[in-house]
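Here the structure comes first, spelled out in structure tokens, and everything after it is commentary.
We name chains A, B, ... by the order of the sequence lines, and we start the count at 1 in each one.
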Amino acid sequence: MDKNYDPKAVEAKWYPWWEQHGCFHDEPGRGGAPYAVVIPPPNVTGILHMGHALNQTIQDVLVRWHRMRGDNTCWVPGTDHAGIATQNVVEKALRKEGKRRQDLGREAFVERVWEWKRQYGGTIVHQQRKLGNSTDWQRERFTMDEGLSAAVAKVFCDLYDEGLIYRGNYIVNWCPRCGTALADDEVEHEPNEGYLWYVRYPVAGSEGEFVTVATTRPETLPGDTAVAVNPSDARYAHLKGKKVILPLVGKEIPVVFDDYVEKDFGTGVVKITPAHDANDFAVGQRHSLPQVDVMNGDGTMNALSGYEGMDRFACREAIVKDLEKGGYLVKVEPYQNQVGHCYRCHTVVDSRLSKQWFVRMKPLAQPAIEAVRKGEIAIQPKRWESVFFNWMENIRDWCISRQIWWGHRIPVYTCRACGHEWAAPEKPAACPTCGAAAIDQDPDVLDTWFSSWLWPFTVFGWPKQTADLAFYYPTADLITAADILFFWVARMMMAGYHFMGKPPFKNVILHGIVRDAQGRKMSKSLGNSLDPLEIIEKYSADALRFSLALITSMETDTKVDMGKFEIGRNFGTKLWNAARFLQMNAEKLPGFSFADHAGGGLALDPALLRDDDRHLLLKAHRTCAALNAALAKYRIQDGALAIYDFAWTDFCDWYLEYAKADLNAPDAPRRRQTLAILAHVYGQILRLLHPYMPFVTEEIWHQLGYCAEDATIMRAPYPTGCDDAHLAAWGLTEDVLAYVETKRDLITGIRALRAEAGLPPALNVRVLLHPATDALRERLARDADTLKTALRAQAIDLVDAPPAAPMPTKLLRAGAAYLPLDGLVDAKAEADKLDKEIAKLQGFLDGVNAKLNNQAFVSKAPAPIIQNQRDRKAELEAQLATLHARRAAL
RNA sequence: GGGGGAUUAGCUCAGUUGGUUAGAGCGUCUGCUUGACAUGCAGAAGGUCACUGGUUCGAGUCCAGUAUCUCCCACCA
């Protein structure tokens with residue numbers, strides 16, 4: 001093995017190898033329990049960001065774990081056609097050529113987008129491969145694939161025929177830049193530092209009487225068709241039946257009375273603009289007010305406004321100026337309100353009256369709500385359930401039409417001859433009612449989410465009843481950040497129940513989002529994004545994955561900075577070097593084969609087993625259990641911590657060092673058995689870790705020869721630990737664990753004692769230990785060799801009594817340790833140290849005594865807890881006695 | 001306006017049903033070119049678990065309130 005691990009070469013080698021060898025692919029017929037996951041399809045325009053890296057690391061860990069457990073796994077990749085986003089990208093390119101999409105015409109433009117997709121749409125799926133995702137690329141889907149498009153059309157027609165889709169003139173969110181309607185959840189509200197303009201509306205037929213209205217959007221004033229006051233507002237009761245004169249325009253509009261108006265806000269009088277505000281629209285409906293649209297779709301003012309052609313914000317200023325000139329402006333106050341922005345281009349959205357298609361959501365939401373209530377679908381972390389219920393129970397109809405060209409065109413047709421309107425999955429040749437051939441298709445396309453809400457079953461071929469669909473649906477886990485809980489997750493549930501009669505998945509696992517070191521969202525405009533590809537380039541994909549897994553909690557967002565990825569990189573290096581160590585030692589043992597230790601049973605001679613071996617085997621056993629338990633609960637971080645700690649601390653820091661002596665021992669069976677244990681446990685580590693760090697584990701697995709060249713660790717069984725028979729035969733008990741921990745505490749303590757005394761490492765001074773118990777004395781005496789090794793030839797003298805001379809002292813679990821330093825002892829420093837230690841222990845003892853003297857504690861606490869305290873008291877008293885004796889001896 | 005989350009070492013975070021002396025990584029300090037590894041090894045320092053009450057024999061953990069920060073939802077112009 002090379003001295004240095006070269007992740008770039010290794011990662012570039014294994015991914016295509018896996019893909020070519022079909023390692024990511026399973027078939028329904030192969031056997032094994034189904035474990036299916038559909039990836040949240042990234043936008044086809046997208047490039048890989050940290051959110052993807054985190055999301056897909058979690059998925060891949062779970063998928064690889066299930067695969068190694070023998071499940072029939074299927075992780076479906078793909079991309080979303082991302083209507084508005086993709087159209088924007090292509091339009092931008094067109095603009096560089098000085099063209100608009102209208103110059104090309106619809107058909108040519110859509111062809112142009114397809115061309116773009118063919119050329120650049122593969123970017124993100126190639127980037128995903130760098131992460132090591134074990135997605136089944138043979139099953140890759142695109143939301144505008146033929147099959148998926150057919151499914152979308154069918155779904156639209158079914159809902160249309162069921163009356164769950166309707167069209168109507170309503171106020172929708174309108175992005176003037178994109179020139180299309182948006183769904184409610186596609187609008188992001190942000191605080192805006194604006195103004196509240198107070199404007200006088202003269203009361204018609206009065207002598208100079210007026211009402212003052214407060215508005216944040218004066219440019220909509222020409223569209224006012226009423227002013228409204230609260231019916232219980234005494235200040236304005238006398239205006240009943242009156243009209244006011246719309247400033248600048250001069251027309252008379254009525255005063256209406258409506259509960260919607262808050263008496264305490266502003267002046268208590270609201271201008272009503274039914275065509276440009278959702279509330280005003282509702283008020284207008286209740287009072288049969290006309291709707292006057294004063295704007296064009298591109299955000300400029302139209303002829304009805306009197307400011308034709310002017311941009312809406314320029315118009316705002318112009319109107320304010322004109323109001324001021326006309327003496328209508330009373331005052332201006334700074335005012336903070338929430339303003340909606342387009343989630344795609346961040347333009348301020350307008351509320352616009354227009355004819356759009358909607359899906360009735362209440363009937364669709366009901367089964368999904370019940371499913372979560374019943375636990376048929378579990379949302380984790382559980383606290384998201386209340387968020388989910390809150391949204392679902394107050395769900396509003398979904399505006400699904402978009403006035404763009406890229407997407408699934410709405411399959412609704414109108415006959416020019418007879419006016420008949422109908423929905424059909426295939427473009428009809430003639431009107432079914434009158435037979436006329438002149439028919440028009442609705443020009444709009446569907447919201448992107450109208451195809452992705454079908455993703456969990458359309459990727460398996462629905463509406464065809466395929467073997468994949470039968471086997472893999474419902475899928476198992478849906479893993480995503482919570483930000484698309486409503487956009488996507490909730491709607492998939494609705495579609496799943498409505499069209500399949502079954503849930504789309506059993507578990508929804510919501511993780512946090514990745515933030516920068518200051519906790520800010522990563523964004524292009526802030527320039528604080530980390531690029532996963534750059535991290536892979538610098539540290540490796542394994543490092544990226546492992547570090548993310550290690551620092552990510554399901555409960556909260558994750559803050560990252562470049563330095564975090566050193567954890568994973570260093571861990572990979574550590575593993576690599578441990579492998580080199582094993583290989584070097586294996587070469588010295590002719591006939592030794594790692595393949596014999598790739599799993600299955602481990603043949604050991606119990607007579608040769610020592611406590612440190614047992615300790616390692618037991619910790620390995622527990623680590624296997626910990627990983628499986630953690631992954632079963634989606635505790636990715638817990639699993640990462642468990643394997644990291646075991647591999648680094650127990651295996652490398654302690655056992656490898658311990659094993660060095662045995663590996664050089666004269667007796668061959670001893671050498672062989674120690675290496676067998678190392679190979680066995682190291683093989684477990686590689687397999688346990690593989691879901692997190694697929695590349696380095698595969699490389700080492702092959703380098704050491706755990707498997708044949710054409711095999712893969714991907715299909716090696718995931719370790720589950722020892723069976724009870726081996727635990728018993730090898731004597732893997734709690735007692736062994738405790739003893740080795742005590743021994744480690746002793747070794748660490750003596751190292752510290754030496755370090756504190758400032759002894760040069762080469763200076764060999766005998767250390768005295770007065771063991772805490774006779775049993776320990778015997779056991780430590782038998783372990784003298786290993787202790788000596790761990791302490792670098794530093795011997796420990798087990799003594800029967802504390803030494804008389806003053807010398808540095810340290811209390812350890814194993815007993816009191818002393819460092820004989822004739823004449824070199826700084827009595828003052830030593831006394832201070834002892835006093836400090838005595839004070840500390842006395843504090844603990846006081847606490848313990850207080851508990852034991854507390855009648856309530858003794859009578860109410862469980863017996864084992866009380867016994868603990870009694871043991872603790874005895875221990876502390878013995879330790880204090882020792883310390884006091886040392887103090888006196890100084 | 002409604003709801004959720006967070007607050008533990010200088011920093012980023014663990015801490016599973018309440019129970020010995022609250023942990024890790026990074027950073028800091030000290031000492032080590034040890035035949036796997038300086039991307040490393042051996043040590044050390046560093047915490048009133050945001051605050052105030054409550055429940056309990058016992059609270060980082062459960063409850064209530066307060067503060068600060070954050071996210072989501074919502075039609076106060």
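Among the protein residues, A/Arg580 comes within range of the sugar-phosphate backbone only, with heavy atoms under 4.0 Å from sugar or phosphate atoms but none that close to a base. Within the nucleic acid shown, A/Trp197 has no heavy atom closer than 4.0 Å to any nucleic acid atom. Within 4.0 Å (heavy atoms only), A/Asp653 reaches sugar-phosphate atoms of the nucleic acid but no base atom. Among the atoms of the strands shown, base atoms are found under 4.0 Å from some heavy atom of A/Lys574. Using a 4.0 Å heavy-atom criterion, one finds that A/Arg813 contacts no nucleic acid atom at all. Among the atoms of the strands shown, none is found under 4.0 Å from any heavy atom of A/Phe565. At a threshold of 4.0 angstrom between heavy atoms, the contacts of A/Tyr260 include nucleobase atoms, whether or not backbone atoms are also involved. Here A/Ile865 lies in heavy-atom contact (under 4.0 Å) with a base. If you check every strand for non-hydrogen atoms under 4.0 Å, A/Glu566 touches nothing. A/Gln338 comes within contact range of at least one nucleobase, with a heavy-atom separation under 4.0 Å. Contacts of A/Lys851 with the nucleic acid, taken as non-hydrogen atoms under 4.0 Å apart, are absent. Residue-level contact check: A/Lys538 touches neither bases nor backbone, having no heavy atom under 4.0 Å from any strand. Note on A/Gln869: nothing from the nucleic acid sits closer than 4.0 angstrom, heavy atoms only. Using a 4.0 Å heavy-atom distance criterion, A/Ala752 is classed as a sugar-phosphate-only contact.
In terms of phosphate contacts, A/Asn570 brings a side-chain nitrogen or oxygen within less than 4.0 Å of OP1 or OP2 of B/rG40. Between A/Trp648 and B/rC41 there is a side-chain polar atom (N or O) within less than 4.0 angstrom of OP1 or OP2. A close approach under 4.0 Å does occur between a side-chain nitrogen or oxygen of A/Arg396 and OP1 or OP2 of B/rC75. OP1 or OP2 of B/rC37 has at least one side-chain nitrogen or oxygen of A/Lys3 nearer than 4.0 Å. Residue A/Lys660 places at least one side-chain N or O under 4.0 Å from the OP1 or OP2 atom of B/rA36. Remark: A/Tyr198 is not in phosphate contact with B/rA77, judged by side-chain N or O atoms under 4.0 Å from OP1 or OP2. For the OP1/OP2 pair of B/rA14 and a distance below 4.0 Å, the side-chain nitrogens and oxygens of A/Thr556 include at least one atom meeting the criterion. Considering only side-chain N and O atoms, A/Arg751 lies under 4.0 angstrom from the phosphate OP1 or OP2 of B/rG43. Contact between the side-chain N/O atoms of A/Arg569 and the OP1/OP2 oxygens of B/rG40 is not found at any separation under 4.0 Å.
Of the residues near RNA chain B, A/Lys860 and A/Cys652, the one whose nearest nucleotide (by heavy atom distance) lies more toward the 5' end is A/Cys652. With the nearest nucleotide of RNA chain B identified for both A/Lys271 and A/Arg744, A/Arg744 has the one nearer the 5' end.
When distances run from any side-chain atom of A/Tyr644 to the nucleotides B/rU12, B/rC13, B/rG25, the shortest one goes to B/rG25. Set against B/rA14, B/rA77, B/rG43, the side chain of A/Arg635 has B/rA14 as its closest nucleotide. Here the nucleotide nearest the side chain of A/Tyr335, chosen from B/rA77, B/rU12, B/rG43, is B/rA77. For A/Lys559, the side-chain atoms get nearest to B/rC13 when compared with the rest of B/rA36, B/rA77, B/rC13. Listed nucleotides B/rC73, B/rA42, B/rG5 differ in distance to A/Phe486; the shortest reach to its side chain belongs to B/rC73. Here B/rG19 is the nucleotide among B/rA14, B/rG19, B/rU56 with the atom lying nearest to any side-chain atom of A/Phe857.
Base pairing analysis places B/rA67 opposite B/rU7; the two distances defining the Watson-Crick or G-U wobble pair are each below 3.5 Å. Base pairing annotation: B/rA36 forms no Watson-Crick or G-U wobble pair, as no partner gives both donor-acceptor distances under 3.5 Å. Checking B/rU28 for Watson-Crick or G-U wobble geometry (two distances, each under 3.5 Å) identifies B/rA44 as its partner. Of the nucleotides present, none pairs with B/rU21 by Watson-Crick or G-U wobble criteria with both distances under 3.5 Å. When both distances must be under 3.5 Å, the Watson-Crick or G-U wobble mate of B/rC49 does not exist. Using the Watson-Crick or G-U wobble rule with both distances under 3.5 Å, B/rU16 pairs with nothing in any strand shown. In this entry B/rU55 has no Watson-Crick or G-U wobble partner, no candidate having both defining distances under 3.5 Å.
Whole-Å rounding puts the A/Leu880 CG to B/rU21 P distance at 14 Å. Rounded to whole Å, the distance from CG on A/Asn390 to P on B/rC73 is 11 Å.
Under the 6.0 Å cut-off for aromatic ring centres, A/Tyr644 and A/Trp648 qualify, their centroids lying closer than that.
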